[in-house]
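Atoms within each ligand, like the ligands themselves, are counted from 1 in listed order.
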Amino acid sequence: MLLLNPGPVTLSERVRRSLLQTDLCHREPEFFDLQDEARKRLVAAYALDPAVWSAVLMTGSGTAAVESMIAGLVPEGGRLLVVENGVYGDRIAQIAKQYGIDHEVVKYEWMQAPDIEAIIGLLDAKKFTNVAIIHHETTTGRLNAIDQLSRACKERGIGLLLDAVSSFGAEAIDFDGGGIVAIAATANKCLHGVPGAAFVIARRDALAQAASRTYYLGIARLAKLQDARSTPFTPSVHAYYALVEALREFEEEGGWRARHQRYAKLAEQVRAGLAALGIESALSPAESSVVLRAYRLPKGVTYETLHDALKAKGFVIYAGQGGLSTELFRISTMGALDANDMDRLISSFVALLR
Ligand SMILES: *Cc1c(COP(=O)(O)O)cnc(C)c1O
């Protein structure tokens with residue numbers, strides 16, 4: 001079965017085999033070597049200076065990392081502006097509410113791009129310490145254009161918190177040119193690891209001022225103990241095995257730029273193949289990530305019919321979320337997939353629609 005959902009991904013054999021390594025106690029030096037290697041490779045993935053940036057690991061899915069970032073890196077007494085144009089922006093607003101963080105939400109329709117000029121206007125009109133935005137809004141496949149907002153944050157001394165869960169490892173992220181103070185991501189999307197290990201990459205100066213609103217996901221404690229080759233709780237050891245192997249493979253294959261190229265080719269192959277069958281993309285390629293694309297369901301075909309027919313051919317596609325579930329379906333090209341797989345996918349569509 002090939003997974004075309006946005007994580008967990010189809011594993012390479014190499015990453016799958018890494019799960020079968022020796023049993024490991026998380027209080028032994030062998031585990032801390034693994035933890036150190038994962039943290040080092042995560043910072044190196046975007047060539048960051050380890051004196052400025054720190055990768056903080058945690059056990060959980062991508063949402064754990066987003067929650068840890070929002071709960072910790074909006075300082076005590078801080079005020080957060082949440083940009084929402086999909087499910088994941090809404091999730092950040094819910095997290096802020098859950099922790100009683102003073103926040104405001106600026107909402108856009110899920111098919112719309114955020115109005116960056118208007119958001120910058122808000123930053124001038126009201127006092128905010130932080131802005132949170134989704135980089136790749138997986139709801140629609142839109143890659144939010146964040147660089148102008150990021151620079152505006154920097155000029156105003158506002159910390160940008162970026163949900164990069166479905167972009168880290170495959171899209172450009174300007175860590176040092178703007179106001180990004182932290183990003184949240186996970187092992188099981190563009191890095192091709194397994195679910196269970198997530199991480200925040202944060203500026204060390206932001207970590208030093210972190211708030212302590214949450215116990216298990218408290219980012220300051222996680223960072224401090226990991227820097228001291230320790231860990232507060234039992235981590236998902238096997239997910240760390242897979243993450244480290246996936247990061248080795250990622251580097252050998254040419255890092256995020258190579259992964260971007262590879263996804264871009266596969267996404268274009270699928271787009272062109274489906275367009276020839278009259279299946280339209282929901283967004284133009286220029287607005288979309290290379291990681292996932294949303295398509296309009298063909299007339300008279302329900303998502304369930306399409307899903308079940310493709311699953312019978314060995315492909316798991318993904319439904320639209322919320323109100324988009326009756327209009328869209330999604331195809332992600334992350335994971336160990338190649339051009340032959342996409343050819344077979346298009347042939348399956350041809351057979352189905354005939
Ligand atoms: C996948 C994803 C998440 C995390 O979802 P989990 O179910 O916790 O893995 C968060 N943000 C975005 C943009 C995502 O695509």
Taking only heavy atoms of [X] into account, list the atoms of ligand 1 that are under 4.0 Å away from them.
X: S166; value: 13 (C), 15 (O)
X: S61; value: 6 (P), 8 (O), 9 (O)
X: H136; value: 13 (C)
X: I134; value: 13 (C)

Legend entry - Trace of the side chain to side chain contact (heavy atoms under 4.5 Å, CB included) decision for E104 with R79: CA-CA 8 Å; E104 197 169 308; R79 194 148 191 281; 3.2 Å; yes

Legend entry - Test applied, salt bridge (charged side-chain N to carboxylate O under 4.0 Å, His left out); reference residue, E37; option that passes from K40, R41, R39: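 So the option named by the test is R41.
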
Residue-level breakdown please: for [X] versus ligand 1, do any non-hydrogen atoms fall below 4.0 Å on the side chain, on the backbone, on both, or on neither?
X: E137; value: neither
X: T186; value: neither
X: D163; value: side chain
X: R91; value: side chain

Legend entry - Distance from atom 15 (O) of ligand 1 to nearest protein heavy atom, with residue and atom: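 In this structure, atom 15 (O) of ligand 1 has T138 OG1, 2.5 Å as its nearest protein heavy atom.
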
Legend entry - Protein heavy atom at shortest distance from atom 14 (C) of ligand 1: K189 NZ, 3.0 Å

Legend entry - Option from Q21, R17, R14 for which side chain to side chain donor-acceptor pair (under 3.5 Å) with E245 holds: R14

Legend entry - Presence of salt bridge, E67 and R91, under 4.0 angstrom: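 Not counted as a salt bridge, because no side-chain N and carboxylate O are separated by less than 4.0 Å.
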
Inset, instruction - Report yes if some N/O of Y88 lies less than 3.5 Å from some N/O of ligand 1; otherwise report no. - result: no

Legend entry - Face-on cation placement of R296 at F329 ring, 6.0 Å and 45° thresholds: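 No, cation not above the ring by the 6.0 Å, 45° rule.
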
Inset, instruction - Determine, for W53 and R203, whether the Lys NZ or Arg CZ falls below 6.0 Å from the six-membered ring centre while staying within 45 degrees of the axis. - result: yes

Legend entry - Nearest-0.5 Å distance, CD1 of residue I146 to CG of residue L160: 6.0 Å

Inset, instruction - Would you name the heavy atoms of N130 and L73 that are closest together and state the gap between them? - result: ND2-O, 3.5 Å

